[in-house]
There are 2 protein chains.
Amino acid sequence: MDPIDELNENLVEFFDRMSSWEQSVIQQGKLNVAGAHAIEKLGQFGSMSMKDLSKALGVTTGTTTITVDRLENGGYAVRERADNDRRSYIIRLTEKGNDAYLDHHRHHLSFAKEIASFLTDEEIECFTAVLEKINREI
Amino acid sequence: MDPIDELNENLVEFFDRMSSWEQSVIQQGKLNVAGAHAIEKLGQFGSMSMKDLSKALGVTTGTTTITVDRLENGGYAVRERADNDRRSYIIRLTEKGNDAYLDHHRHHLSFAKEIASFLTDEEIECFTAVLEKINREI
DNA sequence: ACACATAGTTTGAATATCAAACAATATATA
DNA sequence: TATATATTGTTTGATATTCAAACTATGTGT
């Protein structure tokens, strides 16, 4: 079989499984999908403006307004006035929001741990190195 | 840095990039997200009942009714009576539906090809082998 | 027969998302 | 400085997605 075909098949299946996994993790929590994604971005990249958050999430600013409204109501995040631009807000995770992020992060980590559990050290190293290369190049 | 942390970071980033890629590919086509996913499942696993399709997609049968209605209206799929159970339908891709599947498949293939283009043969082999192992074990 | 289970559809409500209009503020240009 | 233009975020109105629950038709077991 063509190595590319083989790579593709395994890639598609892996992506599919990871999607299901991610969705089930989100559904276990109290946040809706949009809120969970927003918290993940804010946790990963730190506080940012509505515009940058919209861009990171791949949605319009109107949609982000709703998402952040809900996060604020739930006590997960706050809007803070930007110092330099009075039109702009910086969205910051509260302690509760950060806890939610860390919880999600722990889930990811245990997923990675599970994967690593049935790989040899050499395989882990190779797999990580290739992923890093792909992330850099794509 | 802990190898697990490193694996996790790269995994999360890779998944994120692949999600964006998948979404942009779907948006280039004429199908909505649900329809595109349904066609992918039907193309991959072959014709199946509404119930099995719902399960494969991770949605309720009510949602799948809408999705398949639209695929049928667009000429991508047909409902066929199941031989053994008159309550049940088998959803089958039409030629147009199969073309759409093949087109999507080609996109995936060119994605895999792009990835492979900056990996060595050895890296491709290792990466594929690890993915296969993960898919088998998870 | 009869009750119960299952496949799929319909319905009504909740949620998500967008594009466009809008208000407030910033920036560039005359 | 004044004025036009651009940008940030919100609001609005419309459309799309999805679900749970009720429903129809059919199957299964007692």
Side-chain angles (χ1 to χ4, degrees), chain A residues 19-20 22-42 45 47-74 76-93, chain B residues 19-20 22-24 26-42 45-74 76-93:
Chain A
S19 297
S20 308
E22 175 85 10
Q23 202 180 342
S24 83
V25 166
I26 288 178
Q27 283 173 346
Q28 281 165 31
K30 287 167 195 164
L31 290 153
N32 59 12
V33 176
H37 283 158
I39 284 187
E40 208 172 345
K41 293 294 178 190
L42 290 167
F45 299 113
S47 304
M48 64 181 94
S49 69
M50 294 296 290
K51 193 187 181 195
D52 288 345
L53 182 55
S54 307
K55 203 170 161 188
L57 294 171
V59 297
T60 63
T61 54
T63 298
T64 304
T65 294
I66 310 274
T67 302
V68 172
D69 281 352
R70 213 164 287 170
L71 288 182
E72 230 174 1
N73 287 334
Y76 294 97
V78 287
R79 285 173 170 90
E80 290 177 340
R81 284 274 173 202
D83 289 342
N84 51 338
D85 189 335
R86 303 208 307 159
R87 291 168 305 179
S88 185
Y89 298 96
I90 304 301
I91 316 306
R92 185 174 61 73
L93 290 181
Chain B
S19 297
S20 308
E22 175 85 10
Q23 204 180 342
S24 83
I26 288 178
Q27 283 174 346
Q28 282 165 29
K30 286 166 194 164
L31 291 153
N32 61 9
V33 176
H37 283 158
I39 284 185
E40 210 172 343
K41 293 294 179 191
L42 290 168
F45 299 112
S47 305
M48 65 180 95
S49 70
M50 294 296 290
K51 192 183 182 199
D52 288 345
L53 183 55
S54 306
K55 203 169 162 189
L57 294 169
V59 296
T60 64
T61 54
T63 299
T64 304
T65 293
I66 310 274
T67 303
V68 172
D69 281 350
R70 213 166 289 170
L71 288 182
E72 232 175 358
N73 287 333
Y76 294 97
V78 286
R79 283 173 171 89
E80 290 177 340
R81 283 276 173 201
D83 289 340
N84 50 339
D85 189 336
R86 302 208 308 161
R87 292 167 306 179
S88 184
Y89 298 97
I90 303 301
I91 316 306
R92 186 174 59 74
L93 290 181

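In this text the structure is predicted, and so the values were computed from the model without any measurement. Convention: sequence-line order gives letters A, B, ...; per-chain numbering from 1.
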Would you classify [X] as touching base, sugar-phosphate or nothing, given that sugar-phosphate means primed atoms plus P, OP1 and OP2, and contacts are heavy atoms under 4.0 Å?
X	value
B/Arg81	nothing
A/Thr64	nothing
B/Ala82	nothing

Q | Check: A/Val59 main-chain N/O paired with A/Thr63 side-chain donor or acceptor under 3.5 Å | A |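 Checking the backbone N and O of A/Val59 against the side chain of A/Thr63, no donor-acceptor pair under 3.5 Å is found.
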
For atom [atom1] of [X] and atom [atom2] of [N], their distance in whole Å:
X	N	atom1	atom2	result
B/Asn84	C/dA7	CG	P	11 Å
B/Leu71	D/dT17	CG	C1'	15 Å
B/Met48	C/dG8	CE	P	12 Å
A/Asp69	D/dT11	CG	C1'	11 Å
B/Ile66	C/dA7	CD1	P	19 Å
A/Arg86	C/dA24	CZ	P	12 Å
B/Lys51	C/dT9	NZ	C1'	16 Å
B/Lys55	C/dT6	NZ	P	13 Å

Q.
Does atom NZ (B/Lys41) have a neighbourhood of more than 12 heavy atoms from anything else shown, all under 6.0 Å?
A.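 Enclosed.
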
Q | Residues in contact with DNA chain D, drawn from residues 56-63 of chain A - heavy-atom cutoff 4.0 Å | A |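 Only A/Thr61, A/Gly62 qualify.
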
Q. Minimum heavy-atom separation for B/Leu31 to B/Ala36, with atom names?
A.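 Result for this residue pair: CB-N, 4.1 Å.
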
Q) Can you tell me how far NZ of A/Lys30 sits from OH of A/Tyr76, rounded to the nearest 0.5 angstrom? A)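 Output value for this atom pair is 6.0 Å.
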
Q: Please check the phosphate of D/dG9 (OP1 and OP2 only) for any side-chain N or O of A/Arg79 closer than 4.0 Å.
A: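 No, no such contact exists.
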
Q | Lys/Arg N to Asp/Glu carboxylate O, B/Asp69 vs B/Arg79, below 4.0 Å | A |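 Looking at B/Asp69 and B/Arg79, the cut-off is met.
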
Q) Within the modelled atom types, does a donor on one side and an acceptor on the other bring the side chain of A/Arg87 and the base of D/dT7 under 3.5 Å apart? A)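 Present.
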
Q. Does A/Gln23 or A/Ser88 map to a spot on DNA chain D nearer the 5' end, using the closest nucleotide for each?
A.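 That would be A/Ser88.
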
